[in-house]
Amino acid sequence: MAHRPKRTFRTRRADSSDSDGAEEPSAEPREPAKLAAPSPEEEDPPPGGGRAEAAERPLRGRSPRGRGRVWASSRRPRADRGSGVPAITNEETSEESQEDENQDIWEQQQMKKAVKITEGRDIDLSHNSEFQTVKKFDTSISFSPVNLEIIKKQLNTRLTLLQDTHRSHLREYEKYIEDVKSSENAVQNLENSSNQALSFKFYKSMKIYVENLIDCLNEKIINIQEIESSMHALLLKQAMTFMQRRQDELKHESTYLQQLSRKAETSANESLAIDENTQRILEELESRRARRRQARALSENCDHQEGTSSDDELSSVDMIDFQKSQGDILQDHKKIFEDVHDDFCNVRNILLKFQQWREKFPNSYYKAFIGFCIPKLLNPLIRVQLIDWNPLKFDSIGLKQMSWFISIEEFMDNSVEDSEKEDSSDKKILSTVINKTIIPQLTDFVEFIWDPLSTSQTTSLITHCRMILEEHSTCESEVSKGKQDLLKSIVSRMKKAIEDDVFIPLYPKSAVENKASPQSKFQERQFWSALKLFRNILLWNGLLPDDTLRELGLDKLLNRYLLIALLNAMPGPEVVKKCNQITAYLPEKWFANSAMRTSIPQLENFIQFLLQSAYTLSKSEFRDKVKEIILILVKIRAMNQAESFIEEYHLDHLKSVINEV
C-alpha cells in the first residue's frame, strides 16, 4: 500500500492553472492509507457504501491531463481562515504544485481500490441472477463444422437415456399396479375376515358335535348290543320251541301210527298201550288242529288242506310269558336314549347337521369322505329302531316306511354332488347301510329264526329280501359279501328244512285205502306239508339262481319225497289234483320259450309219472281226467311226450289241446 505524502493545507487560488477548484488540504496531517471519517457536524452522506467518502468531497474540475472524476475523503478547511491571506512565492507555489500532484496520484490509487472492492461485491450479489439469464449469442465465436455421425450418436445416446427412463417409469408403474392389487386383496381379505371367522366357528362346532356324537354312541353301543341280543334270544327261543315241538309231535305221532299199523296186522282185539307223555302230546296236537278247523269253518275256508298250517300257536301260559319278556325288552329299548338330546340320537337331525356342512362347504365335505362315514355313524341308531322289527311277521313294517330310511333318501336326494357320477359317496349311503346293517340282521333271522315251512314267514322274508337285493343292491360290478352270505344262509336253511321236517310215511294199501283212517290222514298231512315247503322254496324264484332252485325243489323234494308218495297213491282225482298243484308252483319263466318241445331234465320222472297216470286213468272211470294230465304236460313243455301218448293210445280228440297252445 502506498503511503500518503505529507502536505500542508493552503489556500488555493481561484485561478490556479493546475487545479479545478478542489478544496485545500487540511492543515493537520492524516494517517497513511486511511480515509478520514466524516464528523457529526457534516451533512449526511449519500447512500452508496464505499462511494461515501468521495461524495463528501467537492468535485474538482477536470485537469488539463484529462483525469477522471475523483471523490474526496473529507472536507479540508482553509489554512488562512480567520488569519488573512499570506504572501505567496514561486518556490512555495512549485512545492505546493508538487504536493498536489502527489496527493492526486495517491487519491486516484485509493479510489481505484475502493471501486474494485465495490465492483467485486456487486458481482457476487448479481452472479446467481446473471447466471440464470440467457446468454446472448456471440457471433464472434466460431463453431466446428457439423458432423452427422456425431449428431446421430448424440441422438442415439439421448434416445437410450429416454428409453432407460421410460423403462424405469414402466417398472415403477407396474410396481404401483401390484401395490394396488395387493391393497385390493388386502381389503377383500379384511372384508372376508368375517366369513373366515364364521367358517372357523362352523368347523369348530362341527368337530365338537362329531366328537360328542361318537362318545355318545360308544357309550350306548353296549346297551344296544345287550337289548338286541335279548330280543334275538327271545325270538330264537320261540322259534326253537315251535320247531322242537313239531319234530317231537311228528316223532310221537309216527311212532304211534306205526304201532297201530302193526297191531292191526297182528290182532285187532288187543288195545294199544301208549305212555302218558305220548298221550299228552297227541292230545295237545289234536286240540290245536280242532281249533284251527273251527277257525277255518268260521272264515268259510273250505279249500284248506290238512298239513298246510304252520302250527305256530302258543299256549296261553307261554304266550303270556313271551309277551311279558318282550315288553320288558321294549321298555329297556325306550330307555337307551332317554337321556340324550335328539341331535345325537335322531337320524334326521344328525343328517341335517351334515347337510349344512355339505351345503356351506361342499369341497371340504366331499374331501373328508363324509358319505363313507355316515353309514357307520348311523349303524347303532338304525339297529335300535330294528330291535322291534321282525321281518318274518306278515304285518311287519317295510323298510321304506321306516323313518331312518326316509331320512337317508331325502339326504341323498339333496346331494349337490354330480348326479351322473357313479361313484358318488352320498349316492351309496343307503346301499352301504343296507349291506352293513340290514343284511346282517336278515341273515341272523334266516339262520336261527326263520321256518321255511311257514308260508307267511317266507312270503314276508322274500318281500324284504327282494326290496333289498334288487332295488338297493350294490354296484353291478361287485358282489356284496353280505348279499352272498344272506343267499347262502337261505339255501342252507331250506336244505336243513328238507332234511329235518319232510317226512312222508308209507303204509300198506289196506291202511290208506280208508281215507278216514289215522294212517291215511297222517300221510295226507305230511304230503301237503312237503308240498307247502316245495312251494315256499320256489317262491324264491328271481332271488336265487335257477340251478339252486331246481336242485332244492325238484331233485331233493319232488323226486325224492313227493313222487314217491304219488306212486304209492291210488290213481284218481286226488292224484291229478296234487299234480296240478305241483305244476302250479313251478316258475313260469322256466317254460317261457315257446320253441321248447322237451321239458327241463329235472322233471323227467314227474313226466313219466304223469304219462303212467294218464294211461291208468284212460282205462278207469276217471277217463275225463286224462285231458287234465295232457294239459299239465303241455304246460311244462313236454310236447313230444304228449303227442306220442296221444298217437299211441289214439286219443285224437286231445290233439286240439296241443294245437291250442
Side-chain angles (χ1 to χ4, degrees), residues 237-323 451-457 497 500-533 535-536 561-562 565 568-569 574 577-578 581:
K237 179 181 177 181
Q238 185 187 51
M240 293 300 295
T241 299
F242 291 145
M243 288 186 284
Q244 188 65 41
R245 186 181 70 183
R246 180 170 64 233
Q247 292 177 2
D248 290 343
E249 291 175 348
L250 178 61
K251 178 182 177 181
H252 285 85
E253 187 174 15
S254 175
T255 302
Y256 169 73
L257 293 176
Q258 287 290 345
Q259 293 175 0
L260 187 62
S261 298
R262 288 196 297 269
K263 176 183 177 297
E265 292 178 359
T266 57
S267 173
N269 296 325
E270 297 180 4
S271 62
L272 182 62
I274 58 175
D275 59 274
E276 293 182 1
N277 187 34
T278 302
Q279 184 69 28
R280 180 183 58 79
I281 292 175
L282 294 179
E283 288 177 357
E284 291 178 358
L285 177 60
E286 188 58 33
S287 175
R288 292 197 305 273
R289 288 172 182 168
R291 287 195 296 269
R292 287 196 296 269
R293 292 191 196 101
Q294 185 178 3
R296 287 194 298 270
L298 293 175
S299 63
E300 298 181 353
N301 185 7
C302 301
D303 295 333
H304 180 79
Q305 296 292 333
E306 289 282 350
T308 57
S309 298
S310 298
D311 194 12
D312 53 3
E313 296 91 352
L314 285 174
S315 64
S316 59
V317 176
D318 293 337
M319 180 60 70
I320 292 173
D321 292 341
F322 176 81
Q323 291 177 350
D451 181 11
L453 269 73
S454 173
T455 301
S456 61
Q457 290 187 16
D500 296 344
D501 298 319
V502 176
F503 173 68
I504 304 177
L506 299 177
Y507 297 109
K509 288 185 178 181
S510 59
V512 297
E513 285 177 353
N514 182 10
K515 299 299 181 182
S517 66
Q519 292 86 350
S520 178
K521 291 181 179 180
F522 180 71
Q523 189 181 61
E524 285 293 303
R525 283 195 299 268
Q526 291 304 113
F527 177 86
W528 285 103
S529 177
L531 187 59
K532 183 175 71 169
L533 179 59
R535 175 198 178 189
N536 293 344
Y561 293 98
L562 298 177
N568 284 274
E574 288 295 327
K577 179 182 179 180
K578 293 176 181 177
Q581 203 66 52

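Note that the coordinates shown come from a computational prediction; the quantities given were computed from them, not determined experimentally.
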- Query: How far apart are the closest heavy atoms of Asn536 and Thr455, and which atoms are they?
  - Reply: OD1-OG1, 3.2 Å
- Here the pair of heavy atoms bringing Phe527 nearest to Ile504 is CA-CD1, 3.9 Å
Hey, what do you get for [atom1] ([X]) to [atom2] ([Y]), rounding to the nearest 0.5 Å?
{"X": "Asp501", "Y": "Leu453", "atom1": "CG", "atom2": "CG", "result": "5.0 Å"}
{"X": "Gln247", "Y": "Glu249", "atom1": "CD", "atom2": "CD", "result": "11.0 Å"}
{"X": "Phe503", "Y": "Ser529", "atom1": "CZ", "atom2": "OG", "result": "12.0 Å"}
{"X": "Trp528", "Y": "Leu533", "atom1": "CH2", "atom2": "CG", "result": "14.5 Å"}
{"X": "Asp321", "Y": "Ser316", "atom1": "CG", "atom2": "OG", "result": "9.5 Å"}

Less than 4.5 Å apart, any side-chain heavy atom of [X] and any of [Y]?
{"X": "Tyr561", "Y": "Leu531", "answer": "no"}
{"X": "Leu260", "Y": "Pro518", "answer": "yes"}
{"X": "Leu282", "Y": "Glu286", "answer": "no"}
{"X": "Thr255", "Y": "Thr278", "answer": "no"}
{"X": "Gln523", "Y": "Gln526", "answer": "no"}

- Message: My understanding is that only one of Lys251, Gln244, Arg246, His252 makes a side-chain hydrogen bond (donor to acceptor under 3.5 Å, both in side chains) with Asp248; could you say which?
- Response: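 When side-chain hydrogen bond (donor to acceptor under 3.5 Å, both in side chains) is applied between Asp248 and each of Lys251, Gln244, Arg246, His252, only Gln244 qualifies.
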Who passes salt bridge (charged side-chain N to carboxylate O under 4.0 Å, His left out) against [X], sequence neighbours left out?
{"X": "Asp500", "answer": "Lys496"}
{"X": "Glu306", "answer": "Arg293, Arg296"}
{"X": "Arg535", "answer": "none"}

- salt bridge (charged side-chain N to carboxylate O under 4.0 Å, His left out) pairs, two or more places apart, involving residues 513-526: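 Output for this query lists Glu253-Arg525, Glu524-Lys578.
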- Item | Glu284/Arg245 salt bridge by N-O under 4.0 Å criterion | no
- Can you establish whether the number of heavy atoms outside Met240 located under 6.0 Å from its atom CE is more than 12? no
- Task: Could you tell me whether a side-chain N or O of Thr241 sits under 3.5 Å from a main-chain N or O of Lys237, the two making a donor and an acceptor?
- Result: yes
- Query: Would you find a donor on one side and an acceptor on the other, under 3.5 Å apart, between the side chain of Ser517 and the backbone of Asn514?
  - Reply: yes
- Asp318: partners by side-chain contact (heavy atoms from CB on, under 4.5 Å), with sequence neighbours left out: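 Asp318: side-chain contact (heavy atoms from CB on, under 4.5 Å) contacts with Leu314, Ser315.
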- Item | side-chain hydrogen bond (donor to acceptor under 3.5 Å, both in side chains) partners of Gln323, counting only residues at least two apart | none
